[in-house]
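Only a predicted model underlies this, so the values are computations on that prediction, with no experimental measurement involved.
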Amino acid sequence: MTDLLDPRATTAQPAPPPTSGTSPGTGRARLGRFLRRRPGLVVSVLVIVFVLVSAVFPAVFAPGDPNLAIPRQRSLPPGPGHWFGTDYLGRDMWTRVVHGTSLSLQATLTAVAVALVVGGLIGLLAGFVGGWVDEVLMRVVDVLLAIPPILLALALIAALGFGTTNVAIAVGIASVAQFARVMRAETLRVRGTVYVEAARAVGTRWWVSLGRHVLPNAAGPVLVLAVLEFGLAILAVSSLSFLGYGAPPPAPEWGSLVAEGRNYLATSWWMCAMPGLTIAATVLSVNRVSKALDGEWGRDR
Amino acid sequence: MIYPARRLGFAVLVLWAAYTVSFAVLFLLSDPVATLVARASDGASVTPADLAALKARYGFDQPLVVQYLERLGAAVRGDLGTSFVSGQPVGATIADALPPTLQIATAGLVLAVVFGAGVALVATYTRHRWLAQTLMGLPSLAVSLPVFWVGLMLVQLFSFQLGWLPAVGARGPEALILPAVTLALPTGALIAQVLVKSMSTALAEPYVTTARAKGVGPVAVHLRHALGNAAIPALTVLGYVAGNLLAGTVVVETVFTRPGLGRITVEAVADQDVPLVQGVVLFAAVVFVVVNLVVDLIYPLLDPRVTQAVPA
Amino acid sequence: MSLLSVTDLQVDYRVAGGTVEALRGVDLEVAAGEVVAVVGESGSGKSTLAQAVIGLLAGNGAVRAGSVALDGEELLGRSEKALRAVRGARIGLVPQDPGVSLNPVQKVGRQVAEVLRVHALADRRSAPARAVELLERAGIPDAAVRAGQYPHELSGGLRQRALIAVAIAASPALLIADEPTSALDATVARQILDHLEDLRAATGSALLLVTHDLGVAADRADRIVVMSQGRIVEQGPTAEILERPTHPYTRELLAAAPGLADVDALPPVAASGTPIAEVRDLVKDFPLARARGSWRREHLRAVDGVSFTIARGETLALVGESGSGKSTTARLLLRLADPTSGQVFLDGEDVTTVRGAAWRDLRRRAQLVYQNPYASLDPRFAVREVITEPLRAFGVGTREEQATRAAELVDRVALPAAMLDRKPVELSGGQRQRVAIARALALSPDLVVCDEPVSALDVSVQAQVLDLLHELQERDGLAYLFISHDLAVVRRVAHRVGVMQGGKLLELRPTGELFDAPHHEYTRTLLGAIAGQRVPAAREH
């Protein structure tokens, strides 16, 4: 996240005139300008920081017990004391949402990691080796792309069984094809650039070239995709939890909280609305950051 | 006519591979026999004879390779096996569930194309910066919202608060409105995003400058010159859009308690009804392949360069 | 009264973090029937001027002040609708790159007819026939057939002719041609410019010709306007500008313009001992994609029986138009590509089939400088890393020794030592090419292959880089294989010149001889296409 706040990475000015280094004063001024110019991005970063802290130390924002039911306080609408209202058993929704972050985020991270590692390796191999290896791997990827990701994830869940981990793995595998495609395209692009041939022409060995030229230059768009995928994975994981394939109750998880609230939709809208809003805000923020990164990392090319 | 023949051959290859992948996932990763046994015995112990009979009935007594070949052969003839739960043929089950799903998918597709393309065209045409930015923000907002939650919020507002539309069920055209809107939201956003991008690219091309230098008016530049070129990349996502709609029905039919393909999918996964899940996955692959074949046929009509190029 | 009158025109571009002044008060008059050339290097504002006149600035550009009047009528501040009546009808535009300036999904005839229809000069029935007539006038053979084709079915030259047909369709009083031939081969460019000149003379239109090439301007214009950094630094009748330039920038441009400067060709180098490089009967075939319905693979012969030697300290130039096989020959010599047949010798040793470690060892003897300095440097590397990459690849020296060597090399290509820590983005095109040269010199090779090393650079920068290459040769006795499409550049640097066409080496002779008495018809055509020869002042003295 610190890269985001690096002022050099966020202002699109042409190269500064030949003076070396930026003094801390101008750096701070630029940071200030950045905060004023792009409030949406700043809010997005704050939301993500909040979500990350909630996942690791939920007690910071919600010291209570997420499973503590107080029958007297059943189905209270949002208000002082209960920012997100209470549920049908009298549990505080805010506490449940904050404590549910951990499970949702773990599943999301697992999914992204699976997609990034497996898809990235397939794409890198296909793009760098080429020939029949490329041909075979990409045909497999084409087939995976022919099946909508959610259906592929459902098939995997049917095979692997229920639970948060299985949901995460299923969502990750369902996105492998996307990553493989982008990684392959980037590898091919960088491998075809003149500077990689120039490296070969000065006698650099191919594996040195792979590590020093191809990977660093191909990584940008793949990492942008990973951030974007993070948002998509939150949606996919919460959808599957909503359908009932995730963590069994009473463990709080964003998607299953919405599913629980569904039965009280007519009378107590907040039981559905609040966890859903949390998901929406997180995904929006992640997408906003991914867009900003795309702009920054895209400029190098 | 080698070009269409090649595409057709490739389509068959994709379907075969989709079958193989789904077979590998569903029949190798899981233990369908255990599922069957659990279902048949209801917790009581099973005699070896019963087990053998059960295996024989569903073909699990054969070696895996034989099972794969036999099932594949049957699938080619249109026989996708029988559901573990209902004992009905999978093909018939899917066919029965299809009509209501087709209804919302069609309605959703129409809404998605109309709104998606409308937003994209207006956003790239208008000279008011605020309007363009607002419209371009809509798709990224729409793809960030959980579909199931949007559906529930629409029900809460239009059914429970305002009482205008039914909350659940599939009776009458009013019951179609909320599910179709919910389904159209992410798909329309996808169409809008792709079209905004390709329109912006096209509008920055030098041939647009040439057209403007001729004195051609803005509407004609936008529709005759830019859209003609921008439609080509937009067309390529059509197969993805169709798959997207189909996948969307899984969530939407659950939220609105409608019968259909999405519902039977959710239930089949919950019951680990392996043949039915595979049937649905294969059906999605068929839809994708057919849509892409149609797109391939339309392509040369939109892009004269395609007929010349040697297919990749 | 003049036809076009531009007064104190100021244009800004909005960019992230502020505005860039592209035009800082430009005054320009074009009389009816006059040809005025606007000459300048990249960033001078010459294209912005052309765009502002026709009211088609890029989205982030805006006119801050000034006036643009056509026939006494102010154009600035007019509504889009009023401007549309001017564009195409009274001002015709010939754009820069014919490859992308025609709508790829519309037939050519329809695109020509459109301008007639928009300005109500023809109706639905008569427009197609009129379009064919216009294509004929623009010099397109079989115009009726071409009108029914799509742009991708036409060559670059034909496309530019179609765009000329669009520009002249409504017989505008003013034609604006923005670098009309810079994307075309020299021989095609010359034909197009000749034709444009004839058409203009026949219709009596005025022509505002925007170009980076002073030679083109000298050949074609009645008056020349020299622009630099958003201002006009000098303007006047062509002969006056060429003979008595007053502004130092104009003088600099004139001195650097390869076609105009009068240089004596270098004398041939006396061949002594083993040549540093030799190729014998080189052939390279590229497989073409299989044609539809055919299982036979056709081949394209890119290099066809090429032989030559390069002596120590010699510059051998290979010239030719795109597709002539000159770059492929260079790659074969370096063994970056494998020949289909023939032999490659370096320093007398046959290296045609060396592999592995021996192949890598060739890199110490022969190095390469690429055409595009923007693409040949890894954007993530600092200059220091770029230059030391060959040293690291061969494990030459310790870290300290490599650093010393980098400093030495940067100094040799006349860059300040402070550049070592910069990234390529922070460097200008000329500086980048110097870095690329420094990298090529790192392993002290005997031969450097330069593949169009200056064609991506402005003329004044070109001259500096060519001078640097010359100095390095004088000092270290380097040999160069110099690949170029630009005969005027080649004349300055080469001891001997080989002319290539269709993969064959047509003739290979000492530079002076080749330019004075070409043997081959094709060489004569190429020489005739060099811009800047029509000017008597430049030919004499």
Side-chain ([X]) to main-chain ([Y]) donor-acceptor, under 3.5 angstrom:
X: B:T126; Y: B:A123; answer: no
X: C:R14; Y: C:N60; answer: no
X: C:E74; Y: C:V68; answer: yes
X: C:T181; Y: C:L184; answer: no
X: C:H119; Y: C:R87; answer: yes
X: C:D123; Y: C:R125; answer: yes

Under 4.5 Å from any heavy atom of chain B, what part of [X] do you find: side chain, backbone, both or neither?
X: C:V166; result: side chain
X: C:R90; result: neither
X: C:L102; result: backbone
X: C:L163; result: side chain
X: C:Q51; result: neither

>> Does B:Y299 form a side chain to side chain donor-acceptor pair (under 3.5 Å) with B:T236? I'd like the steps, not just the answer.
In response: CA-CA 9 Å; B:Y299 240 140; B:T236 51; 4.8 Å; no
> Highest number of heavy-atom pairs under 4.5 Å with chain C: which of B:P218, B:A226, B:A220?
Replying inline: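 Looking at each of B:P218, B:A226, B:A220 in turn, B:P218 comes out on top.
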> Tell me, do C:V94 and C:Q160 make a side-chain contact under 4.5 Å, heavy atoms counted?
Replying inline: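 Side-chain contact under 4.5 Å: yes.
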> With a 4.5 Å limit on heavy-atom distance, are the side chains of B:L282 and B:L80 in contact?
Replying inline: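 Side-chain contact under 4.5 Å: yes.
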> Under a 4.5 Å heavy-atom cut-off, does chain C meet the side chain of B:L302, its backbone, both or neither?
Replying inline: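 When you check distances to chain C, only backbone atoms of B:L302 fall under 4.5 Å.
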>> Over 60° means perpendicular and under 30° means parallel, so tell me whether B:W130 and B:H128 are parallel, tilted or perpendicular.
In response: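 Geometry flag for B:H128 against B:W130: tilted rings.
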> chain C contacts: which residues in residues 183-203 of chain B have a non-hydrogen atom closer than 4.5 Å to it?
Replying inline: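 Checking residues 183-203 of chain B against chain C gives no residue, so none.
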> So which of C:I176, C:V118, C:D97, C:N103 has the biggest tally of heavy-atom pairs under 4.5 Å with chain B?
Replying inline: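 When all of C:I176, C:V118, C:D97, C:N103 are compared, C:N103 has the most.
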>> If we define contacts as heavy-atom pairs under 4.5 Å, which of C:G55, C:G88, C:P104 has the most with chain B?
In response: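 Among the listed options, the one with the most contacts to chain B is C:P104.
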